[in-house]
Amino acid sequence: MTGRERYALPVDVHLILRRDSGKGPEVLLSRRAGEVYAAGLWHLPSGHLDGPHEDMVDGVIREAAEETGITIDRADVALATTVHHRSPHGRARVGVFFEVRDFTGEPGIMEPDLCDAMGWYPLDALPEPMVAYCRAGLDAYRGGRPGAVHFQQPGDAVPHQPDGPDRTRLLTGPSPARGPSRTLRALLRLRITHRPGTGR
């Protein structure tokens, strides 16, 4: 990219605050309000990094305190999944989702001008309307996937549409259980077919 400005993406951090109840796992969600993007939609506690001085873990801990009032220890933050998202308006970003199960305090609304509701919801029965980008991250998390690509098209709705186009592409991660790659299998076959010193 000589002579041009290097392409850069904003980084978001998302908090998957999880508790396990008798009915199964639940996550904490808040409803956006006021003069903000996606007002009226459910979303995970989240936000942007403050700058190059702040790492992703510090960022999600800070956002949790600012939005919900809870305290989280770094040792209790686990990387859950990552989403490469593009909005219907063409703007892209990378969202990093973190799971937290242990925390101090009781979650509550700390920014009433930006959030008008907050509560625990079953992971398998998420409320609507929800920001589609957030839903993509939770779908990847529920499926145990390390990441997803969520590229919306012009004209797509910002809220998740259960009956609309599915823009989420869940990604798989490396797994020893899957065995060698196709390239490695081909090399192994080649080595067996052409044994050194046999003339074959």
Heavy-atom pair with the smallest gap, counting every atom of [X] and [Y]:
X: G40; Y: P129; value: O-CG, 3.8 Å
X: P107; Y: L17; value: CG-CD2, 4.0 Å
X: A140; Y: G147; value: CB-O, 4.3 Å
X: L170; Y: D139; value: CD2-C, 4.3 Å
X: L49; Y: G59; value: CD2-CA, 4.1 Å
X: Q152; Y: A132; value: NE2-CB, 3.8 Å

#### Entry: Whether R32 side chain and Y37 backbone form a donor-acceptor pair below 3.5 Å
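The answer is yes, because a donor-acceptor pair under 3.5 Å joins these two groups.
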
### Query
Donor-acceptor pair, R142 side chain versus L123 backbone, under 3.5 Å?
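Yes; at least one donor-acceptor contact below 3.5 Å.
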
### Query
Who are the salt bridge (charged side-chain N to carboxylate O under 4.0 Å, His left out) partners of R169, not counting sequence neighbours?
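R169 satisfies salt bridge (charged side-chain N to carboxylate O under 4.0 Å, His left out) with no other residue.
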
### Task
Please identify each residue that fulfils salt bridge (charged side-chain N to carboxylate O under 4.0 Å, His left out) with D156, with sequence neighbours left out.
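If we apply the salt bridge (charged side-chain N to carboxylate O under 4.0 Å, His left out) test to D156, skipping adjacent residues, the hits are R167.
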
Would [X] end up clustered with [Y] when hydrophobic side chains under 4.5 Å apart are linked, directly or stepwise?
X: V100; Y: W120; result: yes
X: V158; Y: L138; result: yes
X: L9; Y: V60; result: yes
X: I70; Y: L28; result: yes

Rounded distance [0.5 Å steps], [atom1] in [X] versus [atom2] in [Y]:
X: E63; Y: L15; atom1: CD; atom2: CG; result: 9.5 Å
X: S46; Y: I16; atom1: OG; atom2: CD1; result: 11.0 Å
X: C134; Y: L41; atom1: SG; atom2: CG; result: 10.0 Å
X: R101; Y: D76; atom1: CZ; atom2: CG; result: 11.5 Å
X: M130; Y: Y121; atom1: CE; atom2: OH; result: 9.0 Å
X: S30; Y: M118; atom1: OG; atom2: CE; result: 5.0 Å

### Task
Using a cut-off of 6.0 Å, state whether more than 12 heavy atoms not belonging to M56 lie near its atom CE.
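Atom CE in M56 is not packed in, count stays at 12 or less.
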
### Task
Report the C-alpha distance between L44 and L29 in whole Å, list the side-chain angles of each, state the deciding distance to 0.1 Å, and finish with yes or no for side chain to side chain contact (heavy atoms under 4.5 Å, CB included).
CA-CA 5 Å; L44 292 166; L29 297 171; 3.6 Å; yes

### Query
With R86, which residues qualify under side chain to side chain contact (heavy atoms under 4.5 Å, CB included), at least two apart?
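Only A92, F151, Q153 meet the side chain to side chain contact (heavy atoms under 4.5 Å, CB included) criterion with R86.
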
#### Entry: Listed partners of P112 passing side chain to side chain contact (heavy atoms under 4.5 Å, CB included), at least two apart
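Here the qualifying residues are I109.
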
### Message
As a quick check of understanding, evaluate side chain to side chain contact (heavy atoms under 4.5 Å, CB included) for T71 and F103, giving each step before the final call.
### Response
CA-CA 6 Å; T71 301; F103 55 92; over 6 Å; no

### Verdict with supporting geometry, L126 and V27, side chain to side chain contact (heavy atoms under 4.5 Å, CB included)
CA-CA 9 Å; L126 298 170; V27 294; 4.0 Å; yes

### Task
Sorted by first residue and then second, give each side-chain hydrogen bond (donor to acceptor under 3.5 Å, both in side chains) pair with at least one member in residues 106-118; sequence neighbours left out.
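Sorted result for residues 106-118: R31-D116.
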
### Task
Sequence neighbours left out, what passes ring pair (Phe, Tyr, Trp, His ring centres under 6.0 Å) with H14? Give chain and number order.
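H14: ring pair (Phe, Tyr, Trp, His ring centres under 6.0 Å) contacts with H43, F97, Y133.
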
### Query
Do the ring planes of H150 and H85 sit parallel (below 30°), tilted (30 to 60°) or perpendicular (above 60°)?
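Judged by the thresholds at 30° and 60°, the geometry between H150 and H85 is parallel.
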
In the structure I gave you, are the side-chain heavy atoms of [X] and [Y] within less than 4.5 Å of one another anywhere?
X: V96; Y: V11; value: yes
X: R62; Y: V13; value: no
X: D58; Y: R74; value: yes
X: E128; Y: R135; value: yes

